[in-house]
Amino acid sequence: MRLSISITVLASVLGAALAKPEKIRGVSDPVYHLYLQEYPKDKSTAVLGPESSAEYFNIGGTIQSANTTLYLNVGNDSTSYKTLTFGTTASTKAWGLEGDTIITTQGSTWGRQLNFLVCKLDGNYWQLYLQTGSATPSGKTCSNYQTIHLPCLC
Ligand SMILES: *[C@@H]1O[C@H](CO)[C@@H](O)[C@H](O)[C@H]1NC(C)=O
Ligand SMILES: *[C@@H]1O[C@H](CO)[C@@H](O)[C@H](O)[C@H]1NC(C)=O
């Protein structure tokens, strides 16, 4: 009995330790196989962009870049779409995975959400927002109801 509990604890500790950073990507046009990263122009705005500049992330409560050590945080916008930025402190601890899909968790400020809005910036970059409803900003080229995923469950 005691032995089996120890093995269970050891396995879960090892599992957490062995989980490796993963890329996160869009899967539908216009962000099909564009990858999560900071916008090079301000090094803060979260965007989907080229695979060549993709960052790797540790996911679980927070989403932290293994490349920059910055955390992905949800803004306090009053609109249904919430700005996502990278910062040195983790103000958002609501991130989780459902299969290979990035979500905010049920008990969080936003509830369980898996939709994102993307809006075109310069170059092959799309600004990423968490979408809690259906609104979109006017005067921008956007695509609603995107989801973002790990490349594979491996
Ligand atoms: C992020 O780190 C990974 C793993 O070390 C590396 O392959 C990748 O090129 C890095 N990305 C950037 C944008 O530096
Ligand atoms: C949103 O507001 C909370 C509470 O005031 C704050 O801790 C957090 O840093 C804010 N988030 C951002 C991204 O500014």
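Read the numbers this way: they start at 1 and go in the same order the structure lists the ligands and their atoms.
Ring-plane geometry between Tyr81 and Tyr129 is classed as perpendicular, the angle between the planes exceeding 60 degrees on a 0 to 90 degree scale with a lower cut at 30. The aromatic rings of Tyr125 and Tyr39 lie perpendicular to each other, with more than 60° between the two planes, well past the 30° mark.
If you number the atoms of ligand 2 from 1 as listed, the ones under 4.0 Å from a heavy atom of Ser91 come out as 8 (C), 9 (O), 11 (N).
Residue Ser53 places a heavy atom less than 4.0 Å from ligand 1. Proximity of Thr83 to ligand 2 is not established, as no heavy-atom distance is less than 4.0 Å.
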Discussion item. Please evaluate residues Glu51 and Lys23 with respect to the criterion salt bridge (Lys or Arg N to Asp or Glu O under 4.0 Å), reporting the C-alpha separation (whole Å), side-chain torsions for both, the decisive distance (0.1 Å), and the verdict.
Written reply: CA-CA 9 Å; Glu51 182 167 17; Lys23 293 190 276 195; 2.9 Å; yes
Worksheet item: Ser44 and Phe86: side chain to side chain contact (heavy atoms under 4.5 Å, CB included), yes or no, with the steps?
Response: CA-CA 5 Å; Ser44 152; Phe86 288 105; 5.7 Å; no
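Within a 4.0 Å radius of atom 5 (O) of ligand 2, the protein contributes no heavy atom. Within the 4.0 Å cut-off (strictly below), a protein heavy atom is located near atom 11 (N) of ligand 1.
Side-chain atoms of Leu128 and Val47, non-hydrogen and from C-beta on, never get closer than 4.5 Å to each other. Side chains of Pro137 and Leu117 form a contact here, defined as non-hydrogen atoms less than 4.5 Å apart. Using a 4.5 Å heavy-atom cutoff, the side chains of Thr109 and Val74 are not in contact.
Nearest to atom 7 (O) of ligand 1 among the protein's heavy atoms is Tyr56 CE1, 3.9 Å. Scanning the protein heavy atoms around atom 14 (O) of ligand 1, the nearest turns out to be Asn67 ND2, 3.5 Å. Looking only at protein heavy atoms, the nearest one to atom 13 (C) of ligand 2 is Val74 O, 3.5 Å.
Within the 4.0 Å heavy-atom criterion, the part of Ala54 lying near ligand 1 is the backbone and not the side chain.
With Leu72, Asn76, Asn73 as candidates, the residue nearest to atom 3 (C) of ligand 2 on a non-hydrogen basis is Asn76.
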